[in-house]
Amino acid sequence: MNGLDTLSKQRLEKLEAVKQEGIDPYPNTFPVNATVRDIRKQFGEMTPEQLENVTDRFVLAGRLMSIRDFGKAAFFHIQDRTGRLQAFIQKKTAGDGFSYLKKLDIGDFVGIKGKPFRTKTNELTVLVEDLQLLSKSLQPLPEKWHGLTDVETRYRQRYLDLIMNPVTRSVFEKRSAIIQTIRNFLLARDFLEVETPMMQPVAGGASARPFKTHHNALGLDLYLRIAPELYLKRLVIGGMERVFEINRNFRNEGISTQHNPEFTMLEFYQAYATYEDLMTLTEEMIGHVVQALVGGFAVEYQGQKVDFTPPWRRMTLRESLRTVGGFDDEFLRDPAKIRDFLEAREVQVNGKEGLGKLHTGIFEVEVESKLIQPTFIINYPLEVSPLSRRRSEDPTEVERFELFIVGREIANAFSELNDPVDQRERFLRQLEERKGDEENPPELDEDYVRALEYGMPPTGGEGIGIDRLVMILTDCPSIRDVILFPLLRPEKRGSE
RNA sequence: GAGCCGCUAGCUCAGCCAGGUAGAGCAUCGGACUUUUAAUCCGGUGGUCGCAGGUUCGAUUCCUGCGCGGCUCACCA
């Protein structure tokens, strides 16, 4: 028998002992009337003398996190969704409840009834008059001092991570608050929140490799979406002039600290807005989120100070290649030299790339990681932007920006291409480039082109990677720290 | 996919370099204890050292392969 079997067996025996006494170890309900936070808020400032005059009784419930037993009295902590609170129970005043505690284990859920007081060391504590088991725990919790630090266990058994690490809970509370703030910001600007298909016959709107699935009754192959873009723009065509969706995208690519196969994206579209308007809106929206979260514009990420005070730096891609990347114009005009440069950095080139693709290639290698403060990089090559409107000043470029913070791409936006003829040509060129890719069979979304043929108003659209934004605002180094259940290989269990 | 690092009790970690089949703290079990808070004191239980091979009289330790994880790179408009 291994140690865990021993510990669980002991707990099962205690469970049986409790049952023998006619106690239900899994009672159905327990009406609480206070949380730990309530008690702290109401009594945290009171003196011991004031607390003595409290006549109200409070009913709390939570997980038993520690016990310090003194024979005829004991201290323990309970933890609920709002925090931890100490309780004190003594034989003299709690009688049966006291002997009952001895049968419980750390990890069990308990309900307590009592009143607040202060101990000799001045800690706010509940003097317990009644104690009840609410749910038995059969697995031992990690140790009280070091807690749970093993990252693999934290990801695989997130419930344990949440029980043991308040910081983890806090990250996900902040994540929820960030998303709520964004939602409210957009709703206040008359955007309509919508949901579009996760399962799509043609995986469009980005160029990632999709996950494939199958609908049995229809005998239909489908893809999990890599982006909602083409559907959201159909809605703009349909007259929903301001729409947004916050939901999952799925990309069948490698996993890293920046990439999870399913991740959350905000996409929004605003008719009669240009990419210029969206830059301003982005500053306002993210600025608003940062303020709501930290009460200012200053954030520290992994030891780097990031200042979100608007306006943020705006720079064309070419300019960034010159000033940040240190490339001169002669180099930037010479595809052969750029190819050599990229090959020297072990970046794969196939010789077919145009200058535009090569420029974004060296941007990723030499510039991206240096953009620490929020920076809009604007005016991308047409070649790498099949869904964006051309710049009237230079039709080889498009009205597009990407937002970079701490060296990472956080947002991608453009004035949308609404010329159906141009769009069809660009799709066809894309199909030509992708020919022979078995994982990502090229297909043209005919219905999307047809929709454009009905007419789309001039529109600005943007996507923001929510997970990456949350990482920066919660100081998390890995995307797995901001996704409750990140994808891991299945664990191999025992003898199976 | 590649390189590097890790995997020892429920948890957090020693031990491995210089091979002799394992230790600590916490948790847990028994005992003492009515204001502790990493409670304290006394005494116990608990491990196929990630898995499989190899070398060796003998492997947690050395070698090889595999698994899982982490980081970096690659991939990813």
Side-chain angles (χ1 to χ4, degrees), chain A residues 1-11 13-14 48 65-77 84-94 98 105-107 117-123 125 127 137-157 160 164 205-210 226-227 251-259 261 263 317 345-348 353 356-357 359-361 363-365 380-388 398 400 402 409 412 414 430 433-434 439-440 463 477-478 480 486 488-495:
Chain A
M1 183 192 297
N2 67 33
L4 183 57
D5 284 343
T6 309
L7 294 170
S8 287
K9 196 174 161 226
Q10 284 169 349
R11 286 179 175 228
E13 282 164 4
K14 284 186 175 181
M65 294 303 290
S66 69
I67 304 175
R68 287 180 295 281
D69 182 3
F70 286 83
K72 293 193 177 67
F75 291 91
F76 57 91
H77 276 105
R84 275 190 198 187
L85 186 67
Q86 181 172 267
F88 180 60
I89 188 166
Q90 42 189 348
K91 196 172 185 179
K92 192 172 66 189
T93 52
F98 180 75
D105 288 299
I106 288 168
F117 78 110
R118 281 194 185 279
T119 62
K120 279 180 183 166
T121 52
N122 207 34
E123 177 160 345
T125 302
L127 183 62
S137 166
L138 299 177
Q139 295 273 358
L141 289 178
E143 186 219 333
K144 63 187 169 191
W145 187 240
H146 299 91
L148 180 68
T149 59
D150 181 75
V151 287
E152 185 172 353
T153 308
R154 289 184 46 225
Y155 297 150
R156 284 195 198 282
Q157 296 180 267
L160 263 191
M164 299 307 297
S207 79
R209 194 168 283 185
I226 55 176
R251 297 188 181 175
N252 207 340
E253 311 280 0
I255 294 175
S256 77
T257 52
Q258 310 290 317
H259 301 83
F263 62 101
L317 180 69
R345 317 266 141 149
E346 291 174 1
V347 178
Q348 288 180 8
E353 301 89 353
K357 177 98 179 158
H359 282 177
T360 53
F363 174 84
E364 281 165 25
V365 173
Y380 277 69
L382 177 75
E383 188 187 349
V384 296
S385 315
L387 299 165
S388 313
V398 295
R400 172 180 173 190
E402 291 192 344
E409 179 190 340
N412 179 23
F414 32 89
Q430 216 177 359
E433 284 166 16
R434 259 200 244 150
E439 296 284 338
N440 196 0
S478 169
R480 289 178 218 101
L488 300 179
R489 283 193 172 86
E491 68 186 314
K492 227 173 36 183
R493 304 195 59 181
S495 56

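Letters A, B, ... mirror the listed sequences (proteins, then strands); counts begin at 1.
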Please state the [atom1] separation for the pair [N] and [M] - nearest whole angstrom.
N     : M     : atom1 : answer
B:G20 : B:U61 : P     : 11 Å
B:C16 : B:A22 : P     : 15 Å
B:A74 : B:C7  : P     : 28 Å
B:C66 : B:C29 : C1'   : 39 Å
B:C49 : B:C11 : P     : 15 Å
B:U40 : B:G25 : P     : 12 Å
B:C75 : B:G3  : C1'   : 16 Å
B:A39 : B:A27 : P     : 7 Å

**Item:** Atom NZ of A:Lys91 with >12 non-hydrogen neighbours under 6.0 angstrom
**Value:**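 Counting neighbours around NZ of A:Lys91, 12 or fewer heavy atoms of other residues, nucleotides or ligands fall under 6.0 Å, so no.
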
Considering every strand shown, what is the Watson-Crick or G-U wobble mate of [N] when both distances are under 3.5 Å?
N     : answer
B:U55 : none
B:G69 : B:C5
B:U61 : none
B:A38 : none

**Message:** Can you tell me if A:Phe70 is stacked onto the base of B:U34, using a 5.5 Å centroid cut-off and an angle below 30°?
**Reply:**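 Aromatic stack with B:U34 absent for A:Phe70.
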
**Item:** Check: B:G25 base within 3.5 Å donor-acceptor of A:Glu143 side chain
**Value:**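 Such a pair exists between side chain and base.
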
Which pairs, protein N/O on one side and nucleotides 73-75 of chain B N/O on the other, fall under 3.5 Å?
from	atom 1	to	atom 2	distance (Å)
B:C75	OP1	A:Gln348	N	3.4

**Message:** Between P on B:U35 and NE2 on A:His77, what's the gap in Å once rounded to a whole number?
**Reply:**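 Distance, rounded to whole Å: 17 Å.
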
**Request:** Using whole Å, report how far CG of A:Leu127 lies from P of B:U36.
**Result:**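 The distance from CG of A:Leu127 to P of B:U36 comes to 15 Å, rounded to the nearest Å.
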
Are any of [X]'s side-chain N or O atoms less than 4.0 Å away from OP1 or OP2 of [N]?
X        : N     : value
A:Lys9   : B:U28 : no
A:Arg68  : B:A39 : yes
A:Arg489 : B:G69 : yes
A:Arg480 : B:G70 : yes
A:Lys144 : B:C11 : no
A:Thr149 : B:U12 : yes
A:Thr6   : B:C29 : no

**Message:** Please compare A:Gly71 and A:Ile67 by the position of their nearest nucleotide in RNA chain B and report the one closer to 5'.
**Reply:**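 Taking each residue's closest nucleotide, the earlier one in sequence belongs to A:Gly71.
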
**Asked** For A:Leu148 and A:Gln86, take the nucleotide of RNA chain B holding the closest heavy atom to each; which residue's nucleotide lies nearer the 5' end?
**Response**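 Final value for this comparison: A:Leu148.
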
**Message:** Determine whether a donor-acceptor pair (N or O, by modelled atom type, separation under 3.5 Å) exists between the side chain of A:Glu402 and the backbone of A:Glu409.
**Reply:**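 Absent.
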
**Prompt:** Can any side-chain N or O of A:Arg154 pair as donor or acceptor with the backbone N or O of A:Leu148 at less than 3.5 Å?
**Reply:**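 Checked: no pair found.
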
Nearest to the [X] side chain among [options], which nucleotide is it?
X        : options             : result
A:Val151 : B:G10, B:C29, B:G70 : B:G70
A:Gln10  : B:C33, B:C29, B:G70 : B:C29
A:Thr125 : B:C29, B:C71, B:U36 : B:U36
A:His146 : B:U12, B:U34, B:C33 : B:U12
A:Ile106 : B:C26, B:U28, B:G70 : B:U28
A:Phe75  : B:U35, B:C29, B:C11 : B:U35

**Prompt:** Between A:Arg400 and A:Ser388, is a side chain to side chain donor-acceptor pair (under 3.5 Å) present by the stated rule, with each step listed?
**Reply:** CA-CA 7 Å; A:Arg400 172 180 173 190; A:Ser388 313; 5.0 Å; no

**Mutual orientation of the aromatic rings belonging to A:Tyr380 and A:Phe363 [parallel < 30°, tilted 30-60°, perpendicular > 60°]** =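 Perpendicular: the ring planes of A:Tyr380 and A:Phe363 meet at over 60°.
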
**Message:** Classify the ring geometry of A:Phe70 against A:Phe75: parallel below 30°, tilted from 30° to 60°, perpendicular beyond 60°.
**Reply:**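 Geometry flag for A:Phe75 against A:Phe70: perpendicular rings.
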
**Request:** Evaluate the side-chain proximity of A:Leu160 to A:Pro142: yes if any heavy-atom separation is below 4.5 Å, no if none is.
**Result:**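 A:Pro142 reaches A:Leu160 side chain to side chain.
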
